[in-house]
Each structure stands twice: as C-alpha cells, then as structure tokens.
Amino acid sequence: MSTRTESDETYLDWAASTPMRPEALQAMVQAARDGYGNPTGAHHRARVGRRIVDDARDQVADAMGAEPSEIIFCGSGTEADNLAIFGAHFTNGGAVACSAVEHHAVLHPVEHLGGAVIGVHPDGQIDLDQLRAVANDGLAVVSVMLANNETGVVQRLHEIRGILDEYAPNALLHTDAVQAFPWLDVAELAAPADLISLSGHKFGGPKGVGVLVVRSHADIKAQTLGGGQEFELRSGTHNVAGIAAFGAAAHIMTLERAQIVEQVGARRDRLVAGIKQILPDAIESARDNLNGGQTAVEKVAGSAHICFPGIESEALLFKLERLGIYASAASSCASGAQDPSHVLAAMGYPRELAAGSLRMSLGFGTTDADIDRALSIIPECVQTLRTVSV
Ligand code: PLP
C-alpha cells in the first residue's frame with residue numbers, strides 16, 4: 001500500500017473527474033439524511049424529498065437560463081447524451097448526425113443508428129460544408145459538443161444553428177456541454193441548442209448524476225419507461241442526495257466561474273508556455289498548426305493538451321504517476337486502455353504524433369504550486385524518454 005498523501009500529488013485530470021465542492025458534499029449529506037422519502041409519494045417525508053429535488057431543479061434551471069420543467073435529471077452525462085440521440089431518433093425515425101470529435105457517449109449512439117459523422121478541420125472546428133451536405137428534411141438531430149474533452153476546443157453553435165435553420169429546420173440541435181459547463185457561460189453559448197447535456201462530476205458535483213436540458217418545444221421519446229418521473233422522460237426513483245449536490249455545485253460554479261476562468265486560464269498559459277520553452281517541438285493541439293504558425297481557435301481555460309513527438313504517452317503517464325502527477329492521454333474510458341485518440345485522428349494528426357499526446361486538465365483547485373511542480377517534472381520526463389528511445 002502506497003504511503004503517498006494528497007499533498008504529494010499533482011492532480012491534472014480535472015476533465016476526467018473533479019473532487020466535490022464542500023457545498024455540494026454538504027447538500028448531499030443533508031439530503032441523504034432528511035430526504036429519504038420517495039419524492040413521488042404523498043406524505044410529509046415524501047414531500048421533503050420532492051422539495052429537495054425541486055430546489056435543485058430550480059438551481060440548474062437558473063444556471064442554464066432554462067425553465068425548471070426543461071431540466072431532466074438522469075444517471076450520468078452518458079445517459080443524457082443517449083437520451084438526446086435515441087430520444088430524437090425514435091420520435092419519428094429521422095436520421096441522426098454528429099461531429100467526428102464527439103465523446104463516445106454521442107458517437108456510439110449515432111454510429112449504432114447508422115448516422116452521419118461530420119469531419120472537423122485541423123483546429124478541431126466542425127466542417128460546416130460537410131454539415132450542410134448532411135442537413136436536410138429527414139434529419140432528426142445533430143449533435144455537436146460545446147467544448148471537447150481532449151483538446152478543449154469550443155464550437156460555435158450559433159453558426160451551426162444558422163445552417164440547420166436554413167437546410168434542416170425540423171432538426172433538433174443537441175450539444176454535449178459536459179466539459180463546457182465549468183468554463184463557459186453555457187446559458188448563453190448553448191442557447192441555440194434544443195437539447196443540452198451536463199454531468200455533475202466535471203464541476204465539483206457528484207458522479208452518477210447528469211442532466212439533459214430539453215427545451216419545451218423539443219419533442220423526444222423517453223428511453224427508460226416506468227414510473228413516469230422527470231416529466232415522463234426518465235423513469236426511476238430520484239437520486240435525491242446526488243441531485244441536491246448537483247444543484248449546489250451548479251449554483252456555486254455559476255457564481256464563481258468568471259473568477260475561476262481568469263485564475264486557471266493564467267495557470268494553464270504558464271504551464272503550456274513553460275513546457276514549450278523547454279521543449280520547443282511540443283505541439284499544443286488545435287492551437288499550433290502542424291506546419292508551423294498558430295490558430296486563434298478558442299479553448300476552455302482548464303485545457304492544456306500537448307503532443308510530444310518521439311514518445312509514447314503510456315510510458316510518460318507511467319513515469320508521471322510514479323512521481324505523483326496524474327494526467328491522461330485520450331479521454332478516460334472504462335477499461336483504462338489508451339486507444340489512439342479518435343479526436344486527434346479526425347483533426348488529421350499523424351498516428352505517431354497522436355501517440356505522444358498528454359492531456360493535462362486543470363480545475364478550480366489547481367494551484368501555482370501544482371504548475372511549478374508540473375514544470376519541474378514533465379519536461380524532464382519527456383527528455384528522459386527520448387534519450388531512452390534513441
Ligand atoms: N461527454 C463528455 C464530453 C465527457 O467528457 C464525458 C465524461 O468524460 C461524458 C460525456 C460522460 O459523462 P459521464 O461520465 O457523466 O457519463
């Protein structure tokens with residue numbers, strides 16, 4: 001058993017999951033203690049549970065600029081994405097489509113339904129000509145994430161909506177805003193979307209609670225049938241404590257977001273600049289063109305994603321882990337296996353370069369000391385690996 005403590009660790013994997021905010025933990029414990037009645041029941045204890053769920057629904061609605069009746073609590077970001085795609089498709093059998101850089105929680109449902117996968121440019125932005133080519137009257141839903149979980153690239157949903165309005169006015173626009181919510185004013189930037197997915201554990205809330213915002217005009221079919229909870233869209237007894245924590249985390253995140261973005265963005269910039277100063281051939285994904293020069297693409301403030309030519313990220317992650325630095329390569333997945341990144345492949349990165357990618361993701365608890373430590377360890381580990389592999 002390792003004797004390492006949290007103070008010896010540098011956690012740079014906030015895009016995979018975050019610690020819970022104290023406010024969220026407190027709300028969770030209190031709801032678990034007081035809200036044990038089944039929220040669908042009629043007696044006092046049931047009403048206590050229902051009130052907790054309703055209060056959290058109000059908090060999320062406020063954070064999203066939505067009506068409370070548009071907030072559908074479910075079991076994860078993955079479930080929210082699945083409900084959006086399958087729910088739109090099964091309403092009237094229409095076609096589905098998504099961008100090639102989506103999380104597998106969107107990509108796999110779209111592929112399962114034989115949908116279209118729309119390519120992206122080397123800077124990670126969706127190819128709007130390809131979108132125009134698939135947009136027609138038979139389209140039920142298009143899913144384009146607001147911020148990417150590997151590169152942090154932000155998509156311009158207003159432009160995408162404009163194209164749908166012109167070529168596929170009946171199609172719903174779904175956005176996976178799971179990685180965007182901690183960093184961006186999602187209420188504003190995702191306003192063009194009809195369906196919006198969130199996940200609690202990416203912003204200081206609990207694991208195993210997600211939300212799908214379903215705008216009142218959007219017609220989708222439930223995928224989980226039973227007791228008719230969540231306005232008949234997601235049956236199943238509510239996770240009252242988890243929902244309370246989700247609401248508390250969403251509330252505090254919205255209040256503090258601007259300040260966090262400023263602080264974390266400065267730390268991210270120092271980390272990336274510091275690494276590139278020592279290793280000038282390091283490539284910051286999406287920002288550095290593969291043929292030289294830079295793009296002005298927008299990325300979320302917590303994302304530092306770099307490709308190191310000439311190394312394997314698995315070897316680097318192994319070394320870093322032994323030194324107490326936790327990061328990742330492609331997005332985390334259940335098996336823990338590092339498959340080559342479909343995101344970098346879609347952006348045209350050669351396999352050898354993508355094989356040396358490192359996703360460092362920062363969050364509201366990242367400190368200057370974390371960045372100092374990362375800068376004193378990561379470039380040296382890369383250099384060591386290069387010496388070993390020549
Ligand atoms: N969508 C994106 C962009 C993600 O990054 C993740 C998690 O990594 C998910 C969906 C899935 O969310 P959850 O872990 O709550 O199932």
Side-chain angles (χ1 to χ4, degrees), residues 6 11-35 48-68 70-77 80 146-147 149 152 154 175-191 196-213 238-268 300-303 361-368 370:
E6 258 185 83
Y11 187 73
L12 293 176
D13 207 11
W14 291 73
S17 204
T18 67
M20 281 181 71
R21 294 260 198 176
E23 298 84 350
L25 264 177
Q26 199 188 340
M28 188 175 220
V29 171
Q30 198 172 332
R33 199 183 50 215
D34 302 339
V48 172
R50 188 152 68 244
R51 168 55 68 88
I52 292 170
V53 171
D54 285 347
D55 287 350
R57 197 185 304 286
D58 288 347
Q59 286 174 310
V60 180
D62 271 358
M64 293 300 292
E67 293 299 322
E70 296 176 324
I71 305 300
I72 306 300
F73 286 113
C74 58
S76 60
L146 187 49
N149 44 298
V154 178
T175 192
D176 175 335
V178 164
Q179 295 289 343
F181 188 77
W183 308 109
L184 303 174
D185 181 356
V186 174
E188 155 74 23
L189 294 172
I196 306 166
S197 301
L198 304 175
S199 171
H201 70 109
K202 308 293 184 176
F203 57 89
K207 293 172 181 57
V209 185
V211 156
L212 185 66
V213 180
H238 294 92
N239 172 1
V240 176
I243 287 171
F246 188 113
H251 177 66
I252 195 90
M253 188 76 240
T254 311
L255 289 182
E256 294 184 359
R257 190 189 278 129
Q259 192 193 348
I260 293 171
V261 165
E262 199 180 316
Q263 287 169 353
V264 175
R267 291 186 178 121
R268 186 271 313 271
V300 293
S303 170
S361 49
L362 288 59
F364 55 80
T366 305
T367 62
D368 280 325
D370 288 329

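In this chain, numbering begins with 1 at the start of the sequence shown. These numbers were taken from a predicted model, which means no experiment stands behind them.
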If only atom types and distance count, is the side chain of Q59 paired as donor or acceptor with the main-chain N or O of A250 below 3.5 Å? no
Closer than 3.5 angstrom, by distance alone: can the side chain of K202 be matched with the main-chain N or O of A16 as a donor-acceptor pair? yes
Which distance, rounded to the nearest 0.5 Å, do you find between the CG of L198 and the OG1 of T175? 10.0 Å
4.5 Å side-chain heavy-atom contact, V213 and I71: yes
Closest non-hydrogen contact found for K207 with T18 is NZ-O, 4.0 Å
Side-chain touch E262/Q259, heavy atoms, less than 4.5 angstrom: no
Taking all heavy atoms of G302 and all of V264, pick out the closest pair and write down the distance. CA-CG1, 4.0 Å
Expected output: side-chain S361 to main-chain W14 donor-acceptor under 3.5 Å: yes
Shortest non-hydrogen contact between R257 and D185, atoms and distance: NH1-CA, 3.8 Å
Show the numbers, then the answer: is there a side-chain contact (heavy atoms from CB on, under 4.5 Å) between D370 and T367? CA-CA 5 Å; D370 288 329; T367 62; 3.2 Å; yes
Can you name the salt bridge (charged side-chain N to carboxylate O under 4.0 Å, His left out) partners of E23, sequence neighbours left out? none
Looking only at heavy atoms, the pair that brings D58 and P68 closest together is OD1-CG, 3.5 Å
Residue list, ring-ring contact (aromatic ring centres under 6.0 Å, His included) with F181, at least two apart or on another chain: F203
Evaluate the side-chain contact (heavy atoms from CB on, under 4.5 Å) criterion for residues L12 and L362: first the C-alpha distance (whole Å), next the side-chain angles of each, then the deciding distance (0.1 Å), finally the verdict. CA-CA 5 Å; L12 293 176; L362 288 59; 4.2 Å; yes
Can you tell if the side chain of V154 reaches within under 4.5 Å of the side chain of W183, non-hydrogen atoms only? no
If you compare all heavy atoms of G152 against all heavy atoms of A147, which two are closest, and at what distance to 0.1 Å? O-CB, 4.4 Å
Identify, with sequence neighbours excluded, every residue that meets salt bridge (charged side-chain N to carboxylate O under 4.0 Å, His left out) alongside R21. E256
Is it the case that atom NE2 in H238 sees more than 12 heavy atoms from other parts of the structure closer than 6.0 Å? yes
Please walk me through it: do L146 and V186 pass side-chain contact (heavy atoms from CB on, under 4.5 Å)? CA-CA 8 Å; L146 187 49; V186 174; 4.2 Å; yes
Let me confirm one number: the CZ-CG distance from R57 to D62, rounded to the nearest 0.5 Å. 13.5 Å
What one should report as the nearest heavy-atom pair of A56 and A244 is CB-CA, 4.2 Å
A side-chain contact here means heavy atoms from C-beta on lying under 4.5 Å apart; do L184 and V300 qualify? yes
I196 vs M64, side-chain contact (heavy atoms from CB on, under 4.5 Å): CA-CA, chis, key distance, verdict: CA-CA 9 Å; I196 306 166; M64 293 300 292; 3.7 Å; yes
